[in-house]
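Working notes, beginning with the structure itself.
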Amino acid sequence: MKFFIDTANLDQIKEANDLGILDGVTTNPTLMAKEGIKGTAAINAHYKAICEIVDGPVSAEVLSTTFDEMIAEGKVLAAIHPNIVVKIPMIKDGIKAIKWFTDNGIKTNCTLVFSAGQAILAAKAGATFVSPFIGRVDDSNWDGVQLIEDIVSIYNAQGYLTEVLAASIRTPLHIVKCAEAGADVCTCPLSSILGLLKHPLTDLGLQQFIKDAQNMQ
Ligand code: G3P
């Protein structure tokens, strides 16, 4: 399973990249706005800066919702860097736009996916990635990890090439469960990635090893 970081914060992206295990980045308008980025020039410069840190797919989301506008916006985003993946919402015009980008050799990430049926449409349109939001599914009293299992099983049965990118990750356990469910990619906040490191027995064991190492010197 590939690890993407789900943020537009350059310091966090650098920190995750320095671990040596980062495969890509996803952003969305909420995450970009959180960094105080405003206006097309600043947005595009920010995506360029992210692409210069991480050597892997960087999802840049369109801000429009009509076919013509999404195509125009996506073309500009894709021209920023070869690693840009145009992120498109799961709506009727979005599916048409994904098909258009697929036919024109531009990679896409179909976002705001909450059902297996939506994931089938994204794959049929040729999306490079599909993003089921598992944390938000859990928030609505359904099972987010089960949704990943369902989509992975359908894609395997049908031979769809779209990669299942588990998004809206909230905890380290979500990452483990997505790996078990066969997700191709997990996009996570830095806190969840670093949370994977933690185990009290590791801390206790290391304390003892450090103490014993001192007795050996
Ligand atoms: O990038 C989309 C997704 O990961 C959002 O996560 O925590 O806002 O549901 P969250």
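One-based numbering, in listed order, for ligands and for the atoms of each. The basis for the numbers below is simple: all heavy atoms, side chains too, and nothing from hydrogens, waters or symmetry mates.
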message: Run the salt bridge (Lys or Arg N to Asp or Glu O under 4.0 Å) test on Lys99 and Asp103 for me, step by step, so that the C-alpha distance in whole Å, both residues' side-chain angles and the decisive distance to 0.1 Å come before the verdict.
response: CA-CA 6 Å; Lys99 177 74 172 80; Asp103 291 345; 2.8 Å; yes
field: salt bridge (Lys or Arg N to Asp or Glu O under 4.0 Å) between Asp139 and Arg170, intermediate numbers included
entry: CA-CA 11 Å; Asp139 291 344; Arg170 303 277 169 75; 3.1 Å; yes
- prompt: Given the rule in the side chain to side chain donor-acceptor pair (under 3.5 Å) test, do Asp203 and Gln207 qualify, once you have shown the distances and angles that lead to the verdict?
  reply: CA-CA 6 Å; Asp203 298 339; Gln207 261 176 30; over 6 Å; no
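Atoms of ligand 1 found under 4.0 Å from any heavy atom of Ala167, numbered from 1 in the order shown, are 4 (O).
Among protein heavy atoms, atom 1 (O) of ligand 1 sits closest to Asp6 OD1, 3.0 Å. Scanning the protein for heavy atoms near atom 8 (O) of ligand 1, the closest one is Arg136 NH2, 2.8 Å. For atom 7 (O) of ligand 1, the nearest protein heavy atom (residue, atom name, distance) is Arg170 NE, 3.1 Å.
For a threshold of 3.5 Å applied to N or O pairs, the pair formed by Ser168 and ligand 1 contains at least one separation below that value.
Using a 4.0 Å heavy-atom cutoff, Lys87 is listed among the residues neighbouring ligand 1. Using a non-hydrogen distance threshold of 4.0 Å, Asn28 registers as a contact of ligand 1.
Every residue two or more places apart in sequence or in another chain was checked for a salt bridge (charged side-chain N to carboxylate O under 4.0 Å, His left out) with Lys96, and none qualifies.
Criterion: ILVMFWY side-chain heavy atoms under 4.5 Å apart, direct or through other members. Under it, Val85 and Met32 are not part of a common hydrophobic cluster.
Leu206 belongs to a hydrophobic cluster with Ile210, counting contacts under 4.5 Å between side-chain heavy atoms of Ile, Leu, Val, Met, Phe, Trp and Tyr, direct or through other members.
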